[in-house]
Amino acid sequence: MFGARCLLRALRSCSSAPCPRHKPSAKLSVRDALGAQNASGERVKVQGWIRSVRSQKEVLFLHVSDGSSLESLQVVADSSFDSRELAFGSSVEVQGQLVKSLSKRQNVELKAEKIEVVGNCDAKAFPFKYKERHPLEYLRQYPHLRCRTNVQGSILRVRSEATAAIHSFFKDSGFVHIHTPVITSNDCEGAGELFQVKPSSKVKVPEENFFNVPVFLTVSGQLHLEVMSGAFTQVFTFGPTFRAENSQSRRHLAEFYMVEAEISFLESLQDLMQVMEGLFKTTTMTVLSNCPEDVELCHKFIAPGQKDRLEHMLKNNFLIISYTEAVEILKQASQNFTFTPEWGADLHTEHEKYLVKHCGDIPVFVINYPLALKPFYMRDNEDSPQHTVAAVDLLVPGVGELFGGSLREERYHFLEQRLARGHRFEPWSRKIPHATEQLSPCDTTTEPVLYSLCATTTEAHAPRAHAAQREKPPQREACAPQQGVTLARRNWGKPTCSNEDPTLPNKLIN
């Protein structure tokens, strides 16, 4: 009886004072684990892919990466964990204690208590080998796996950081983000480089066109932003853009992401150039600060020699010269150009690169271009006999034009005069041709502003800008001179200004 009472008291005591349990492991990314300040044995869980395996008599070393950083996390485990399944490329979940590392190569390491193989990988059949630097041409053969390589991983992290920095810059500057449509009836550039969108042959459409009118993949969100600039003083968009250019060069992409913006009540090119310079420097410095290892890899293997040039650009204020001054510099140059520089002719890439080099490898704004080179909506400087418009291009080392912009012509009678000189003007028409603008694409292949970080794998997106509306035009004007800044890549052909048909079916949401 006594024994039964003692057992009952013991059970009650145990139920009132719960037995100690291990604290559940906190899930950390490799980046966060490597950046931990106090590695004092905290239990953590890390998930990722094995980058290397090194087995010794009494200890097993693994390097695990999850894509959050270029550097891998070293995992130290007892040799009893060794298994054929722990191979290069296998996905694992590791639980253990995060402790200070005895090695000088890393600050922390994970002392494994449990290793679970989530997915096996045959290291011999895997197309990529550890410590081998494969050429980009080889990586392109494996689009589903190449993101695991250091080069592709670094570029994608840089691109992600740049995208976030661009959005942050505009948000901090008071811009409203607008999602412009990908499918549209607008031919904003007017150069005929469009991908037309049609339903597949399996879909039966009673009308000739699914939307009653021909529609295309967007070449620019500019016209949609112009509408928004009548209600918001500062707007921008950052989305996919498509050009049906039959070219395999890095400067002619079928698909790329482009930044465009509109600023109302902007009255000087100086204000516009401040936006351009601010976007360039803020985005670049953010990437350099948040992705130092990735940037270093790009400087080492992708774009050697760009590091010092980039720092030089960020430390100096950008220069400003006029188009007329630029032509005079080119005429006096000792270099022989393929295209002879003349006033009234467009600046080619070879001219742009020379101008930047002439100015000490500092980005330079070229302003006030001849009216005949630019679209009709750019503001007339009224500076006869030269007759220029308030346009600006930002030229940068190694590339040439990165940004392009202008103030918009808000004086209605000026627009009427220009259109009457060589363009049909029907206030109710869908399209109004712009003046000829023959400009080349800006940069190479992946993402804006970062050409200087990895010049062979970035897509630079240039801005174009406009001024504030000062005169109210008639309501039936075909393309109202609503003003703004268009941060966009340069035009490639003869732009066309158009308005969406108000009767467009609701299938097309603008």
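Side chain of Gln234 to backbone of Ser173: a donor-acceptor contact under 3.5 angstrom is found. Checked by atom type and distance alone, the side chain of Thr283 pairs as donor or acceptor with a backbone atom of Leu279 at under 3.5 Å. Arg243 places no side-chain N or O within 3.5 Å of a backbone atom of Leu253 that could act as its donor or acceptor partner. Thr163 places a side-chain N or O within 3.5 Å of a backbone atom of Arg159 that can act as its donor or acceptor partner. With Ser168 contributing its side chain and Ala164 its backbone, the two residues share no donor-acceptor pair below 3.5 Å. Proximity of a side-chain donor or acceptor of Glu350 to a complementary backbone N or O of Phe339 within less than 3.5 Å is detected.
Ion pair Lys300/Glu296 not flagged as a salt bridge, since none of the NZ, NE, NH1 or NH2 atoms sits closer than 4.0 Å to an Asp/Glu carboxylate oxygen. By the 4.0 Å N-to-carboxylate-O rule, Arg411 lies close enough to Glu409 to be salt-bridged with it.
By the 4.5 Å heavy-atom criterion applied to side chains, Tyr323 and Asp393 are not counted as neighbours. In this structure the side chain of Gln306 never reaches within 4.5 angstrom of the side chain of Val295, judged on heavy atoms. No side-chain heavy atom of Asp66 sits under 4.5 Å from any side-chain heavy atom of Gln47. Proximity of Leu139 to Thr149: side-chain heavy atoms (C-beta onward) are separated by under 4.5 Å at one or more points. The shortest side-chain heavy-atom distance between Met285 and Leu314 falls under the 4.5 Å cut-off. When side chains are defined from C-beta on, Phe365 counts as touching Met276, because their heavy atoms get closer than 4.5 Å. Here the side chains of Leu310 and Leu288 are in contact, with some heavy-atom distance below 4.5 Å. The shortest side-chain heavy-atom distance between Gln386 and Asn368 does not fall under the 4.5 Å cut-off.
A distance of 7.5 Å separates CG of Asn150 from OG of Ser72, quoted to the nearest 0.5 Å. Note: Phe232 CZ to Phe175 CZ = 13.5 Å, rounded to the nearest 0.5 Å. Here CZ of Phe337 is found 11.5 Å from NE2 of His348. Values are rounded to the nearest 0.5 Å. We find the CZ-CZ distance between Phe128 and Arg148 to be 9.5 Å, quoted to the nearest 0.5 Å. Residue Ser384 holds its OG atom at 9.5 Å from CG of Leu371, rounded to the nearest 0.5 Å. To the nearest 0.5 Å, the span separating OH on Tyr142 from NE2 on His134 amounts to 9.5 Å.
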#### Entry: side chain to side chain contact (heavy atoms under 4.5 Å, CB included) assessment of His387 paired with Asp380
CA-CA 7 Å; His387 210 174; Asp380 194 336; 2.8 Å; yes

### Query
Can you check side chain to side chain contact (heavy atoms under 4.5 Å, CB included) on Gln270 and Ile320, steps first, answer last?
CA-CA 10 Å; Gln270 186 64 42; Ile320 304 173; 3.8 Å; yes

### Message
Applying side chain to side chain contact (heavy atoms under 4.5 Å, CB included) to Asn186 and His224, what does each step give before you reach the verdict?
### Response
CA-CA 9 Å; Asn186 276 333; His224 295 279; 3.3 Å; yes

### Task
Quick one: do Glu401 and Leu347 satisfy side chain to side chain contact (heavy atoms under 4.5 Å, CB included)? Show the steps, please.
CA-CA 10 Å; Glu401 183 187 343; Leu347 299 180; over 6 Å; no

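The aromatic rings of Phe242 and Phe195 sit perpendicular, their planes meeting at an angle over 60°, well past the 30° parallel limit. Ring-plane geometry between Tyr354 and His358 is classed as parallel, the angle between the planes falling under 30 degrees on a 0 to 90 degree scale with a further cut at 60.
By the 6.0 Å contact criterion, CZ on Arg31 is open, its count of non-hydrogen atoms from other residues, nucleotides or ligands being 12 or less. Surrounding CG of Asn336 are at most 12 heavy atoms belonging to other residues, nucleotides or ligands under 6.0 Å away. Atom NZ of Lys357 has 12 or fewer heavy atoms from other residues, nucleotides or ligands within 6.0 Å.
What you find for Ala326 and Val366 is that their closest heavy atoms are CB-CG1, 4.4 Å. Pairing each heavy atom of His312 with each of Gly360, the nearest pair is NE2-O, 3.1 Å. Taking every heavy atom of both residues into account, Arg309 and Pro397 meet most closely at CD-CB, 3.5 Å. In terms of heavy atoms, Thr237 sits closest to His177 at CA-CD2, 4.0 Å. Here the closest non-hydrogen pair linking Leu145 and Pro127 is CD1-CG, 3.6 Å. Val327 approaches Trp343 most closely through the heavy-atom pair CG1-N, 3.7 Å.
Neither side chain, Glu293 nor Ser69, offers a donor N or O lying under 3.5 Å from an acceptor on the other. Residues Thr388 and Asn381 have side chains that bring a donor and an acceptor to within less than 3.5 angstrom of each other.
Here Phe236 and His167 bring their ring centres to under 6.0 angstrom of each other. Here Phe238 and Phe170 keep their ring centres 6.0 angstrom or further from each other.
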